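The next block holds one structure in the form of structure tokens; read it before the comments.
Atoms within a ligand are numbered from 1 in the order they appear, just like the ligands themselves. Note that the structure is predicted; figures quoted are calculated from it, not measured.
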Amino acid sequence: MANSNYEYVKSFEVEDRLMPSTWIVVRIDGCHFHRFSEDHEFDKPNDERALNLMNSCAMAMLEEFPDIVFAYGVSDEYSFILKKTSQLYERRASKILSLTVSFFSSVYGFMWKEFFPNKKLKYPPYFDGRVVCYPSAKILQDYLAWRQVDCHINNQYNTCFWALVKSGKSKMEAHNLLKGTQTQEKNELLFQQFSINYNTLPAMFRKGSCVFKDKTSVQEVSLVLDPLTTGKGRRYCEVQRGW
Ligand code: ATP
Ligand code: ATP
Ligand code: MG
Ligand code: MG
């Protein structure tokens, strides 16, 4: 239909190129995963299978989109950082966002049975996404720090909340007991009432996961982006998937 009478409709399309020479960050987040996690009986507060499924989707993303240099994930979200010089789809925001979100959602469903072999998917999981450009390394670090602080705050709250609920409190009682408590008080509650030392819980729960390519070998590398502690989170190296 080239040069047809209808071609003018293309002029309504808007230019959406992302700013050049900036890190492109795509953040993907599960849609209604609070309900999805209940409907699929995730362990609370942290279902390791679900986190590993998210991590596998992230690894697949790094293979599919070589411009992604680093990814950080927690709960039902994952952030992907594309290199500053990326020319992926001429940096068109809608292309980059729609393709990455669609690929991630698709892999999540595709790999579900590997992580939940005995649990049927009741309905299709899907994800939202946003794309933001960050102009400096400092701001990019702060972005990741922001996500990781969020991980810490939510995880500490959820660990207390579910410990209380599993001990017989109603969700409302647990919520009221935790209202207004500070970090230290939550740690003490866990230790005194449930003999849980928060700092010894798995790093993946407390700090999230990250994925990046390491050409040499699988090794523990200290995470320069870890603003909370000097401990190590979960990290992965290049993997080859055979599909
Ligand atoms: P929205 O559609 O606005 O993102 P949401 O229901 O997905 O809403 P989020 O704030 O994204 O809400 O939080 C995701 C929720 O999914 C968590 O609060 C938790 O209940 C659940 N969830 C996600 N991953 C896990 C996991 N690995 N283990 C247990 N629960 C999880
Ligand atoms: P892009 O990634 O740029 O969209 P593409 O390979 O998807 O590239 P399209 O212009 O979207 O190219 O065209 C889709 C192609 O997929 C068609 O040209 C055809 O070869 C194939 N295709 C799609 N649906 C069918 C179908 N139902 N039966 C046979 N072939 C199909
Ligand atoms: Mg969500
Ligand atoms: Mg979320």
Side-chain angles (χ1 to χ4, degrees), residues 1-2 4 6-7 10 13 16 26-59 64-67 71-80 87-109 111-112 114-119 121-132 146-166 171-172 174-175 178 186 201-211 233-234 236:
M1 277 292 206
S4 74
Y6 306 121
E7 186 132 339
K10 207 140 170 57
E13 290 182 13
D16 65 346
V26 174
R27 184 167 76 253
I28 289 171
D29 185 284
C31 201
H32 307 315
F33 260 48
H34 186 73
R35 196 184 68 208
F36 181 84
S37 65
E38 284 179 355
D39 291 345
H40 293 86
E41 295 164 318
F42 282 14
D43 297 333
K44 293 290 181 177
N46 286 292
D47 189 302
E48 207 166 338
R49 299 161 299 176
L51 292 174
N52 285 329
L53 171 55
M54 291 290 289
N55 291 338
S56 270
C57 294
M59 287 191 264
E64 188 68 19
F65 303 101
D67 283 1
Y72 174 72
V74 37
S75 180
D76 66 339
E77 74 168 60
Y78 240 103
S79 296
F80 297 94
Q87 289 305 320
L88 185 63
Y89 294 100
E90 298 160 314
R91 296 177 79 90
R92 284 158 65 196
S94 55
K95 275 278 189 187
I96 292 174
L97 191 57
S98 59
L99 285 163
T100 50
V101 174
S102 133
F103 182 77
F104 191 98
S105 301
S106 192
V107 175
Y108 193 96
M111 295 194 10
W112 172 265
E114 265 183 48
F115 293 87
F116 291 91
N118 303 315
K119 207 161 285 286
L121 256 182
K122 294 185 174 165
Y123 46 83
Y126 60 111
F127 292 78
D128 69 29
R130 71 198 66 197
V131 58
V132 181
W146 172 54
R147 296 324 303 147
Q148 199 175 45
V149 168
D150 204 60
C151 167
H152 168 71
I153 290 168
N154 287 335
N155 187 61
Q156 203 190 30
Y157 180 91
N158 289 336
T159 305
C160 293
F161 179 85
W162 286 103
L164 288 165
V165 170
K166 285 175 188 172
K171 287 183 178 174
M172 185 56 82
H175 177 72
L178 293 171
K186 290 197 195 72
L201 293 177
M204 178 164 71
F205 299 171
R206 290 180 293 115
K207 299 176 191 174
S209 304
C210 62
V211 181
R234 185 97 172 240
Y236 297 89

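Closest of all the heavy-atom pairs between Gly208 and Cys151 is N-SG, 3.7 Å. The two atoms that bring Phe104 and Ala58 nearest to each other are CE1-N, 4.0 Å, heavy atoms only. In terms of heavy atoms, Arg49 sits closest to Glu41 at NH2-O, 3.8 Å.
Annotation: Phe36 is in aromatic contact with Trp112 [ring centroid separation under 6.0 Å].
Enumerated by chain and number, the residues approaching ligand 1 to less than 4.0 Å through a heavy atom are Asp29, Gly30, Cys31, His32, Phe33, His34, Ser37, Phe42, Asp43, Lys44, Pro45, Asn46, Asp47, Ala50, Leu51, Ser75, Asp76.
Shown here are the protein N/O/S atoms lying under 2.8 Å from the Mg ion (ligand 3), water excluded: Asp29 OD1, Gly30 O, Asp76 OD2.
Partners of Asp67 under the salt bridge (charged side-chain N to carboxylate O under 4.0 Å, His left out) rule, at least two apart in sequence or in another chain, are Lys83. Taking the salt bridge (charged side-chain N to carboxylate O under 4.0 Å, His left out) definition, one finds that Arg27 meets it with nothing, sequence neighbours left out.
For the 3.5 Å distance criterion, the side chains of Ser37 and Lys44 qualify, holding a donor opposite an acceptor.
You'll find the side chain of Phe115 reaches within 4.5 Å of the side chain of Ser56, heavy atoms only.
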What do the steps show when you test Phe103 against Phe65 for ring pair (Phe, Tyr, Trp, His ring centres under 6.0 Å), and what is the final call? CA-CA 10 Å; Phe103 182 77; Phe65 303 101; 5.7 Å; yes

